[in-house]
Amino acid sequence: MLQVPFIRENRELTVAGLQKKYFKAAAETVDQVLSLDDARRRIQLDLDNTLAAANELSKQIGNLMREGKKAEAEVSKAETAALKERSKALGEELSKVENELFEVLVLLPNVPHTSVPEGRTPDDNLTIFEHGSLPELPENALAHWDIIKNLDIIDFELGNKITGAGFPVYKGKGARMQRALINFFLDEAIAAGYYEIQPPILINRNSGYGTGQLPDKDGQMYHATEDDLFLIPTAEVPITNMYRDVILTDDQLPVRNAGHTPCFRREAGSWGAHVRGLNRLHQFDKIEIVQIRKPEESYIALEEMVEHVKSLLEKLELPYRILHLCGGDISFASALTYDFEVYSGAQKRWLECSSVSNFETFQSNRLKLRYKVGGKTQLLHTLNGSALALPRILAAILENNQTPDGRVQVPAVLVPYCGFEVI
RNA sequence: AGAGAGGUGGCAGAGUGGUCGAUUGCGGCGGUCUUGAAAACCGUUGACUGUUACAGGUCCGGGGGUUCGAAUCCCUCCCUCUCUACCA
């Protein structure tokens, strides 16, 4: 959520930023925020003065009572009635205006970083880095869903039976590969200085609100209605919410956390022909890295995270590219996002396998995640990235490393983790 | 799940209707002393809002109520601890 003082001091910049994200009626909405905030402040001042008068009167009544001047006290008591009525009315007016302000404010996306490219659709994203040559597979190369079936390592029908579409069962070497990838990614994160976290995968409303999934994106999460808890769409939610309402001290910074969790996404209405196999699932595993940094360091941290993800893909010997997302494609809360796409040789498609973002103060403002600088509290910056999401990495490994005899060569770096060289 | 106890500032822990935003201890910060450090002593030390600055306002788990006035009384929800039951 954007900070009102920021909007007030940077009206033009805010409007331009929102327009870059193709937010409709940016100028009108920003002005609405400012006028609601003006009203809020006016009412607040009025209310404060009313309360101050009432407090003063109460104090006097207390003194009169102590001195035994009962009659005078009764007179003062009568006076408080009008003040009470007034403060009640002002209080109601205030919360009404505050709610209106909040409702407009939560609809505003983050202002993108100045380097974010102009553009409306994924086609406008800038490819800023490419690594590895595309695999030259024979004409009869199989897509991963066929490889999976032939080798019997992942079973979609079985998952269908147990749960439903998008919940595959990993079996035998398929399950071992999953475990190998999880351990590999976590070990790499720890080696890079991250602190391992195993968070809950059900979260409450406050947490969903803190990272921005709620109030409006609740349709994307599975909801356990009996207890009003949500299955996490990403480990970012619990790991970042550990710091909700926290004021960090210098010696606790920077925060570098990493965690593996299953992730659950309803993906309502987004299924189609191009999402076969592992390309899109309702449940998948992901290792997430989260950083909390001082504002002046956050873009250095973002580059650090990018380098980490690059090293993972390079160790797995997968061709990939990095996209600098354009204003129209960047997520609601993000100021700057790099997407990593891995090349899946048989599908001949780039598959998104990581998204690394700096949210600046957008999340911390909601979380009330702060630190002290020169005696004053200030919002911190939050960042996160996938390092990495498993299914599409597995899809690319299966497709790119398939052998003429229908098997799959395991990337060397994973062999110690899974205990076999060939699937 | 049942019974009991309890949720107060970074932590510990007072406070049961009126100078309580909150005694005190620890911790933190600043100072005196010391070659330096420790000890001792003195001072300082919550958050939010607001003002040029002061003032003012709000916050004692969340929400609601009683009262001129609530950390303190009432209702409600949440959470923690102890015991019992159950259980990977």
Side-chain angles (χ1 to χ4, degrees), chain A residues 1-9 33-102 105-106 198-210 214-215 223-230 238 241-253 255 262 292 361 363-380:
Chain A
M1 190 159 66
L2 291 173
Q3 302 167 82
V4 176
F6 173 87
I7 299 175
R8 186 170 292 285
E9 282 160 35
V33 166
L34 294 180
S35 76
L36 280 169
D37 188 52
D38 282 338
R40 199 211 91 227
R41 281 149 55 136
R42 206 174 49 242
I43 298 165
Q44 180 80 62
L45 187 67
D46 203 348
L47 175 63
D48 285 355
N49 290 335
T50 309
L51 288 173
N55 287 344
E56 180 56 34
L57 212 45
S58 284
K59 206 183 278 182
Q60 287 175 14
I61 292 169
N63 289 335
L64 291 171
M65 298 288 267
R66 218 170 296 117
E67 293 162 20
K69 299 176 180 169
K70 208 146 189 201
E72 287 177 50
E74 288 305 323
V75 172
S76 291
K77 273 193 197 182
E79 278 179 53
T80 62
L83 288 172
K84 239 185 144 180
E85 205 171 301
R86 179 163 173 73
S87 61
K88 193 178 175 215
L90 285 168
E92 279 164 11
E93 204 180 331
L94 181 66
S95 56
K96 181 166 157 276
V97 170
E98 277 176 343
N99 286 339
E100 278 175 46
L101 176 60
F102 177 77
L105 219 45
V106 289
Q198 248 189 57
I201 59 177
L202 278 166
I203 51 123
N204 59 29
R205 279 190 180 273
N206 280 341
S207 295
Y209 169 74
L214 296 175
H223 186 199
T225 53
E226 185 82 16
D227 298 290
D228 199 24
L229 298 173
F230 297 85
N241 269 285
M242 299 196 306
Y243 301 91
R244 176 152 41 84
D245 292 319
V246 166
I247 298 178
L248 291 170
T249 53
D250 262 358
D251 58 308
Q252 294 172 302
L253 288 165
V255 171
I292 298 169
T361 59
Q363 288 183 328
S364 62
N365 188 34
R366 281 203 191 191
L367 292 162
K368 295 196 174 26
L369 164 54
R370 295 159 293 172
Y371 74 118
K372 280 199 190 273
V373 54
K376 294 197 77 173
T377 54
Q378 196 173 326
L379 294 175
L380 283 156

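Quick note on labels: first sequence line is chain A, next is B, and so on, each numbered from 1.
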Which whole number of Å gives the distance between the [atom1] atom of [N] and that of [M]?
{"N": "B:G10", "M": "B:C60", "atom1": "P", "value": "14 Å"}
{"N": "B:U23", "M": "B:A14", "atom1": "P", "value": "15 Å"}
{"N": "B:G27", "M": "B:A38", "atom1": "P", "value": "12 Å"}
{"N": "B:U76", "M": "B:G57", "atom1": "P", "value": "33 Å"}
{"N": "B:C68", "M": "B:G62", "atom1": "C1'", "value": "27 Å"}
{"N": "B:G25", "M": "B:U45", "atom1": "C1'", "value": "14 Å"}
{"N": "B:G30", "M": "B:U49", "atom1": "C1'", "value": "28 Å"}
{"N": "B:C78", "M": "B:G17", "atom1": "P", "value": "29 Å"}

Do any side-chain nitrogens or oxygens of A:K84 fall under 4.0 Å of OP1 or OP2 in B:G69?
-> yes
Verify the contact: side-chain N or O of A:R370 to OP1 or OP2 of B:C48, cut-off strictly under 4.0 Å; return yes or no.
-> yes
With sequence neighbours left out, the residues meeting ring-ring contact (aromatic ring centres under 6.0 Å, His included) with A:Y243 are none
Going by number, which of residues 39-56 of chain A have a non-hydrogen atom under 4.0 Å from RNA chain B?
-> A:R40, A:D48, A:L51, A:A52, A:N55
Could you check how far [atom1] of [X] sits from [atom2] of [N], rounded to whole Å?
{"X": "A:Q252", "N": "B:G10", "atom1": "CD", "atom2": "C1'", "answer": "10 Å"}
{"X": "A:L248", "N": "B:G28", "atom1": "CG", "atom2": "C1'", "answer": "16 Å"}
{"X": "A:Q60", "N": "B:G18", "atom1": "CD", "atom2": "C1'", "answer": "13 Å"}
{"X": "A:I61", "N": "B:G69", "atom1": "CD1", "atom2": "P", "answer": "8 Å"}
{"X": "A:D37", "N": "B:U49", "atom1": "CG", "atom2": "C1'", "answer": "12 Å"}
{"X": "A:L94", "N": "B:C59", "atom1": "CG", "atom2": "P", "answer": "13 Å"}
{"X": "A:R244", "N": "B:A47", "atom1": "CZ", "atom2": "C1'", "answer": "17 Å"}
{"X": "A:Y243", "N": "B:G10", "atom1": "OH", "atom2": "C1'", "answer": "17 Å"}

Return the nucleotide paired to [N]: Watson-Crick means purine N1 to pyrimidine N3 with N6-O4 or O6-N4, wobble means G-U with N1-O2 and O6-N3, both under 3.5 Å.
{"N": "B:C87", "value": "none"}
{"N": "B:U66", "value": "none"}
{"N": "B:G50", "value": "none"}
{"N": "B:C41", "value": "B:G31"}
{"N": "B:G6", "value": "B:C79"}

Between A:G210 and A:N241, what is the shortest heavy-atom contact and its length?
-> CA-OD1, 3.9 Å
Look at the rings of A:F102 and A:Y209 and say which category their plane angle falls in: under 30° parallel, 30 to 60° tilted, over 60° perpendicular.
-> tilted
Name the atoms and distances for all side-chain donor-acceptor pairs under 3.5 Å in residues 88-97 of chain A, with sequence neighbours left out.
from  : atom 1 : to    : atom 2 : distance (Å)
A:S95 : OG     : A:G91 : O      : 3.3
A:S95 : OG     : A:E92 : O      : 3.2

Sorted by position of nearest nucleotide on RNA chain B, 5' first, the leading residue of A:G62 and A:T377 is A:G62
Does A:S76 use its side chain to pair, donor to acceptor, with the backbone of A:I61 at less than 3.5 Å?
-> no
Within the structure shown, what part of the strands sits under 4.0 Å from A:T80 by heavy-atom distance: base, sugar-phosphate, or nothing?
-> sugar-phosphate
For atom CD of A:Q252, is the number of surrounding heavy atoms from other residues, nucleotides or ligands below 6.0 Å larger than 12?
-> yes
Under 6.0 Å from the CD atom of A:E85, do we count more than 12 heavy atoms belonging to anything else shown?
-> no
No-hydrogen, no-angle side-chain donor-acceptor test under 3.5 Å, A:S35 and A:D38 = no
Could you check which of B:C68, B:C48, B:G46 has an atom nearest any side-chain atom of A:K372?
-> B:G46
The single option from A:E98, A:R8, A:R42 that satisfies side chain to side chain contact (heavy atoms under 4.5 Å, CB included) with A:D37 is A:R8
